[in-house]
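Notes follow the structure.
Please read these numbers as outputs of a predicted model, since none were measured by experiment.
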Amino acid sequence: LVNAVHQIIERGVWDDELRRESMNDREVLVRTITVTQPDGTIRESFRVVVEGTTFAPIRSEWKGSGTSYEYDFAGLTIKGVRVNEPGGAPQKIDTGAWQPFFDYYGGMMELFLATMPRVSGGIFTFPAATATLGATAAQDSIHWPLVEVIGEDVARGAGGALVKAWRVEANTRYGFYKVWVTDTPPYVVRTVLLLGPGGRVTYELM
């Protein structure tokens, strides 16, 4: 993390795994993320399940600092339970959206951007549910992030080697992302999230 006064702060290590599995006779993608702080404690964890070919959301889970959520998605239906403050009472969600959507904000984020067509200058958008965006977010609303494929670039891959990648930029409810993606696994090699005046968070593949 580089804050607004340009202090560099190590936030920890982001462990990320993507698996293709079978669930109820259909192929799914399961992404698990664990963010470990420099002192070894776990800051937050995600588990996201989507349909294997369309990325349609199935289940999203998150835990962090005594708060959590669990969501199940089926078509336009959204059911879930949120704990919005440590020791707080669970908030039950039973609602729906007016059109099909992706759970971009629930943990697919920059990985979802790696699915965009590789066309320099291409501009895309997609419907993203806001339910998993935060405790005060509308549980039945949809947001349309704006995504632009800037073009081919280079970034540091595993082991520090320079690799050819595509730079994709996204204007989202989380903030403004720059993501470097490759045409082959591991796909996402670098992510920069721009914050406020001069701040940014950078994730680089190790």
Side-chain angles (χ1 to χ4, degrees), residues 14 16-21 23 26-33 46-62 69-80 82 93 95-153 155 165-195 201 203:
W14 172 300
D16 201 327
E17 181 182 39
L18 182 69
R19 296 176 61 88
R20 192 174 294 275
E21 299 180 3
M23 176 184 292
R26 62 173 168 172
E27 189 178 81
V28 299
L29 292 172
V30 180
R31 187 184 193 187
T32 54
I33 300 168
F46 298 79
R47 181 177 180 271
V48 186
V49 183
V50 299
E51 205 278 329
T53 55
T54 66
F55 267 54
I58 297 173
R59 183 171 174 82
S60 295
E61 305 169 8
W62 172 82
Y69 64 63
E70 297 180 3
Y71 282 91
D72 289 299
F73 304 96
L76 303 183
T77 302
I78 303 172
K79 295 181 182 290
R82 299 189 66 104
I93 293 98
T95 186
W98 61 274
Q99 70 155 77
F101 56 85
F102 300 100
D103 187 29
Y104 170 78
Y105 291 113
M108 280 298 170
M109 302 169 295
E110 73 295 332
L111 181 63
F112 191 92
L113 301 183
T115 71
M116 299 288 101
R118 313 286 205 271
V119 180
S120 294
I123 297 176
F124 307 96
T125 189
F126 52 88
T130 62
T132 53
L133 185 57
T136 61
Q139 298 295 292
D140 59 354
S141 293
I142 289 174
H143 176 249
W144 293 75
L146 187 63
V147 180
E148 182 176 2
V149 181
I150 302 302
E152 291 186 281
D153 202 349
W166 293 81
R167 194 170 101 235
V168 180
E169 297 185 353
N171 191 3
T172 79
R173 285 284 179 87
Y174 275 150
F176 186 80
Y177 274 92
K178 295 183 178 182
V179 182
W180 284 258
V181 300
T182 58
D183 292 326
T184 56
Y187 301 113
V188 179
V189 294
R190 188 170 192 258
T191 298
V192 178
L193 171 61
L194 302 183
L195 310 169
V201 178
Y203 298 95

Heavy-atom closest contact (Val48 atom, Ser60 atom, distance) | CG1-OG, 3.8 Å
Can you see which heavy atom on Gly106 is nearest to which on Phe46, and at what distance?
-> O-CD2, 3.7 Å
Closest non-hydrogen contact found for Gly107 with Ile33 is O-CD1, 4.0 Å
Do Val192 and Val201 come close enough that some side-chain heavy atom pair is under 4.5 Å?
-> no
Pro57 and Val50 have their tightest heavy-atom pair at CA-CG1, 4.2 Å
Is there a side chain to side chain contact (heavy atoms under 4.5 Å, CB included) between Tyr104 and Thr172 once you walk through the steps?
-> CA-CA 10 Å; Tyr104 170 78; Thr172 79; 3.5 Å; yes
Give, for atom OH of Tyr69 and atom CZ of Arg82, the distance between the pair rounded to the nearest 0.5 Å.
-> 7.0 Å
Any Ile150 side-chain heavy atom under 4.5 Å of Val168 side chain | no
Scan for salt bridge (charged side-chain N to carboxylate O under 4.0 Å, His left out) pairs involving residues 126-152, sequence neighbours excluded, and state none if there are none.
-> none
Atom pair CG (Leu18) and CG (Leu29), whose distance is rounded to the nearest 0.5 Å | 5.0 Å
Check: Phe73 and Ile58 side chains under 4.5 Å, non-hydrogen atoms = no
For residues Ile93 and Lys79, determine if any side-chain heavy atom of one lies less than 4.5 Å from a side-chain heavy atom of the other.
-> no
Which atoms form the tightest heavy-atom contact between Val188 and Ala114, and what is the distance?
-> CG2-CB, 4.3 Å
Quick one: does Lys178's side chain get under 4.5 Å of Thr191's, heavy atoms only?
-> no
Could you tell me the separation between the CG atom of Leu193 and the CG atom of Leu195, rounded to the nearest 0.5 Å?
-> 4.5 Å
Which residues satisfy the ring pair (Phe, Tyr, Trp, His ring centres under 6.0 Å) test with Trp144, sequence neighbours excluded?
-> none
Ring pair (Phe, Tyr, Trp, His ring centres under 6.0 Å) partners for Phe102, two or more places apart = Phe112
For Trp166 and Asp153, what are the C-alpha separation, side-chain angles and deciding distance, and is it a side chain to side chain donor-acceptor pair (under 3.5 Å)?
-> CA-CA 6 Å; Trp166 293 81; Asp153 202 349; over 6 Å; no
Could you tell me which residues satisfy side chain to side chain donor-acceptor pair (under 3.5 Å) with Tyr105, sequence neighbours excluded, listed by chain and number?
-> His143
To the nearest 0.5 Å, tell me how far Leu76 CG sits from Phe101 CZ.
-> 7.0 Å
Sub-4.5 Å side-chain heavy-atom contact between Glu169 and Val179 | no
Any donor and acceptor pair, going by atom type alone, linking the side chain of Arg59 with main-chain N or O of Arg47 inside 3.5 Å?
-> no
Please, which pairs that meet side chain to side chain donor-acceptor pair (under 3.5 Å) have at least one residue in residues 126-139, sequence neighbours excluded?
-> Tyr71-Gln139, Asp103-Thr132
Which distance, rounded to the nearest 0.5 Å, do you find between the CZ of Phe126 and the CZ of Phe55?
-> 10.5 Å
Give a yes or no on whether the backbone of Pro145 and the side-chain of Thr125 come within a donor-acceptor separation of less than 3.5 Å.
-> yes
Hey, does Met109 have a side-chain heavy atom less than 4.5 Å from the side chain of Tyr174?
-> yes
Could you check if a side-chain atom of Ile142 sits within less than 4.5 angstrom of a side-chain atom of Gln99, using non-hydrogen atoms only?
-> yes
Among pairs that include at least one residue of residues 108-119, which meet side chain to side chain donor-acceptor pair (under 3.5 Å), considering only residues two or more places apart or in two chains?
-> Arg31-Glu110, Arg118-Asp183
Which atoms form the tightest heavy-atom contact between Ala131 and Ile78, and what is the distance?
-> CB-CG2, 4.3 Å
